[in-house]
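Only this structure's heavy atoms are used, side chains among them; waters, hydrogens and symmetry mates stay out.
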Amino acid sequence: MAARFNPLEADAHWQKVWEERGTFHASDSSARPRSYVLEMFPYPSGRIHMGHVRNYTMGDVLARYRRMKGFEVLHPMGWDAFGMPAENAAMEKKVHPGDWTWSNIDTMRAQLKRLGFALDWSREFATCDPAYYGHEQALFLDLFEAELVYRKQSEVNWDPVDMTVLANEQVIDGRGWRSGALVERRKLSQWFLKITDFAEELLDGLDTLDQWPDKVRLMQENWIGKSQGLRFRFDLESPIDGFAGFEVFTTRPDTIFGARFAALSPDHPIAAALAEHDPALAAFIAECKQGGTTAAELETAEKKGFDTGLRVRHPLDAAITLPLYVANFVLMDYGTGAIMGVPAHDQRDLDFARKYGLTVTRVVAPTPEEAAEPIGDEAYSGPGRLVNSEFLDGLSAEDAIREVIARAEGEGWGEGTIVWRLRDWGVSRQRYWGTPIPIIHCEACGAVPVPRDQLPVVLPEDISFDIPGNPLDRHPSWANVDCPKCGSPARRETDTLDTFVDSSWYFIRFASQPADAPFDRAQAERWLPVNQYIGGVEHAILHLLYARFWTRALRRIGRLDIEEPFKGLFTQGMVTHETYRAPDGRWLSPDEVERRDGKLVVAATGEPAETGRTEKMSKSKRNTVDPEPIVDQYGADAVRWFMLSDSPPERDLEWSEAGIQGSWRFVQRVWRLAIEEAERGPSSWLGTSGDNSGDDKPLTRKLHQTISAVGTNIESLAFNKAVANLYELATAVEKAPPSPARSEAVETMVRLVAPMAPHIAEQAWSALGKEGLVSDAQWPEADAALLVDDEVTIAIQVNGKLRDTLNAPKGASREDLEALALASDNVARSLGGKAPKKVIVVPDRLVNLVA
RNA sequence: GCCCCCGUGGCGGAAUUGGUAGACGCGCUCGACUCAAAAUCGAGUUCCGCAAGGAGUGCCGGUUCGACUCCGGCCGGGGGCACCA
C-alpha cells in the first residue's frame, strides 16, 4: 500500500464512484427530512477563481454533513449565464456570446468537478438556455397580468460606454458599475417591476430572517428606507400657469412654524413651467443638471437656489407667507420633489438660509433655558419642546408631530404618510445577451403580451457586434411580427431583462424543473425555502432584495406559497493575496516574483520588487492564484482544507503557499493514521498487554468531545474551529498507544473529516476495510456522558489574580474547593499568612480569595 | 455627514452566560533520524526578567471578588448609505 496519499489518482477515482452511484442526487420523493443548501451560482466568466472555491467548499461541507446526519440534501449548481462580459467578448474576439458562454461553462464545470463537490449535477442549467428563460418570460407575463409590471417614460441612467440603461443600484458614485463611465440622464420608455408595492412587507419580513447576518438586514432596511411624516399642500399666494400650489413632504411637521422658505426641485413641473417665460430660471435649472453626481462633488456642492419671486401661504397661519425657491438640493424622485425649509432644524436648510439671508427661528428647545438661544452654524435636530409655535408651544416634538398631522387631516390640507427610499425596479436593458422581454408593440393595441404558446421568444443567432448598442434593434427581421391581437404589423420589444431577474428565481427552478412550466408548486414548496444560502456580501442588497421580492410577488399571484426564499444566509469573506510591484510601478503576478536572500525580486530580471497591500484577488492587481494548478499539485482535499482553515469564513482569507502546504501535511497525516491502523489490523492490539479491555478513557473522551464540537461548529459554519478540533484529535490519536479505543477513534475521525476532505476520507475508509462509502456513512453520535471530564482543573485566584491551579473531582463541594485552595503553598504566600476576607467559589471553575 | 462592524503574540486566529487569555494552524529556535537534504518525529515559542516575579487583549476611565467580554469617552481600520427633507 502506498505510504503517501496520491490525490491525483484518488480524487479522480472517488469522483467517478460518486458520479456512477448518483451519490449526491437529491430525491424529490424521499421520506427523510430535507435540507436545501445553496451557494450563489457563478457567472461563467471563463475559469473558476479562488473565491468560487471558497464559497462552494463551505456549502459543500454543510451539504455533506447534513447528508451524513440523515437529511435528504438538495445541493445544486448552475450558471448565471446572461450578461455583458459575453457581449464584450463577442466584440473583442469576434465570437458569438452563446458559444463563448457555453464553452466557459464546459471549462468551469470540469474545474468544479475536480474539487469533488457533492452536487446534484442532474439539475444543472444555464439561464441563457431557452428552456430556462422561456419560463422566465412566462413568469414575467404572469406579473404583467397581475399588474406588477408597467412601462413608463422615465429618466434613466444611461451608460455611454456600455450603451445601456442602469438600475439606480448599478450606479455607484455617478458611474456605471461595470464600465466606470460617468452616467448620463436620458428619457426612455422602460419596463418596471413594482417592487415598491412590497416595500412594507420586504421591510417587515426582515424581522423574520433571524438566520441572516444583522449587517445584511440593516443594509436592506436602509435601502428600503422608510420615512414617516406629513405630506401637505402649500398654496401659492396667487396661482400661476394654472398651478394653485404643490405638495411637500416632511418628517418633521412639528417644526412647521419654523419654516422660512419653500423649495422646488429643478425637475419639478412648476419649475419647468415657470422657466418657460423666465430665461434666468431656465439657465439656473440647466446649471443644476450639469453638476456632477460623484460623491466628492456632492460633498462640496454648494446649496444654490433661485428665488422665483412667488410666495406660498403657511397652512396654519394664512397671514404668513414664505418665499418660493427652486433649489439644487431638492430631489425630484424622493417625496414630492418639493420641501418646506426649516433653517433652525435642518442643516441643509440652514446653509441655504444663511446664504440667501433668510431668518432663522428656533422652534424646538432641548431645555426651557435654551428657548431663546439663537441657532449658530449647526441646526438643532435633537429632542425637545416646542417654542415660537403658537398652539404647539410646550409640546414635546413627538406630540407636536401627532398634533400637526391630526390638524392637517382634520382641516384637509395634508395627511400623515410614509415615504420610501426604494424605487421600482427598472428591468429593461438595451442588450442582446439577456432574456427577451415577451412583449409586442402594436400601434393600435399598444403593448401586447406574446401569447403563451409562442414562448419562448428565442434570441436570434445571426447577429453582429460590429457597432455598439443593441444588435436586436438592428436585426433585419427578428423584431418584425404581427400583432397577436389585431394581426397588423407590429414590432417586438427589443430590450432584454436585467440579469438580476434571472437570478431572482433560479433557486426555485433547481427545486423543481418540469419542461412545461417554470416549476411545480408542490414540489418547489417541499424544498423551499433554501435552508442555507452562501455567497458574497456584494449581493447583500440587489440580488437578495430582488429574489425576496420575486418570491413574494409569486406568492401574491398565487403561484408559490413561500414568503422568504432564503431562511439562512451566510456571506463569506474574500480570498486575498499580497500584491507586488516592479520598480517601474507595474503590477506583478505572484509567479513573476521570488525571494532571494530574504529580498523580494523580479524573477526575470533580479531587480528589487515591492510588496504592496494584501487585497482581494483581482486581474487588475495581478494577484490572482489560479486554483487549477494548485489542485494538480496538492489535490482537491488540501485546497478545500485550506479554504476552511484559519480564517473565520465571514472574514477575508489570505492565500499563502505555506498555508496550502500545511493543509497538505494534514491530509497526509490522516492517511498515515488510517494506513497504520489498517496495516496493524483490527486485532493487533490483542495480546499487547495482559489486559485486553483495551480502554483508553482519555482518548475516548477526546473523541466524543471532538464529535460534538465538530458538529456544532459545522452547523454554525465555524469551519476554522472545526478544523482546529480535528487537528487536536489527530494529535491525541497519534500519541495514543494501540487499543480498540484508538482504532475506533481513527475510524470515527475519518467520518468527521469526510465533509471537509472527502477524497482522503473515502480512501481511508476503504483502506480500513469499511463497507460502502464514507459519504453514505452516518455522522457519529457523541456520547453525552463522555463530554465532561470527571476531574476538572480549578483556577485559584487571590484578589482576582491567578496564583495556582489544581485538580479536583468534578462536582466537588464549595467547602472542599475552598479547603483545597487554602492548602496551596502559593496561596499561603500570596495571602501572607492572613485569612481571606471573602471567598468566591465557582464550582468546577475557580476559587477567588479576596484578601 | 449618518448608520454598522472590527482592533488579542512575528502572522491567521481561539476563548458558552463576565471566571486559568493566547486553543489550533503558520512561522521561528533547538534536538532526533540522515553522508546531506527533503519528509517525518520530539521540545520550546505573548513580552520583560537568570530567577522569584511583574506586565499584558488599540488608548483613558468606570462597574465588579473577577473584564478580551459590560458601560462612558477617545484613537485607528473596514464596510454600507449619501443633498432622502
Donor-acceptor pair present, A/Lys837 side chain and B/C65 base, under 3.5 Å: no
Anti or syn - B/G12, cut at 90° from 0: anti
Below 6.0 angstrom between ring centroids: does that apply to [X] and [Y]?
{"X": "A/His314", "Y": "A/Phe257", "answer": "yes"}
{"X": "A/Trp655", "Y": "A/Phe642", "answer": "yes"}
{"X": "A/Phe666", "Y": "A/Tyr727", "answer": "yes"}

Any side-chain N or O of [X] less than 4.0 Å from the OP1 or OP2 oxygen of [N]?
{"X": "A/Arg651", "N": "B/G78", "value": "no"}
{"X": "A/Arg803", "N": "B/G54", "value": "yes"}
{"X": "A/Ser656", "N": "B/C26", "value": "no"}
{"X": "A/Tyr727", "N": "B/G25", "value": "no"}

Under-4.0 Å salt bridge between A/Glu728 and A/Lys702: yes
Stem list, RNA chain B (Watson-Crick or G-U pairing under 3.5 Å, at least 3 consecutive pairs): B:1-7 with B:75-81, B:10-12 with B:24-26, B:27-32 with B:40-45, B:46-48 with B:53-55, B:58-62 with B:70-74
Closest approach of A/Phe249 to A/Gly335 (non-hydrogen atoms, all atoms of both residues): CB-CA, 4.4 Å
Sugar-phosphate, base or nothing in reach of A/Glu728, heavy atoms under 4.0 Å: sugar-phosphate
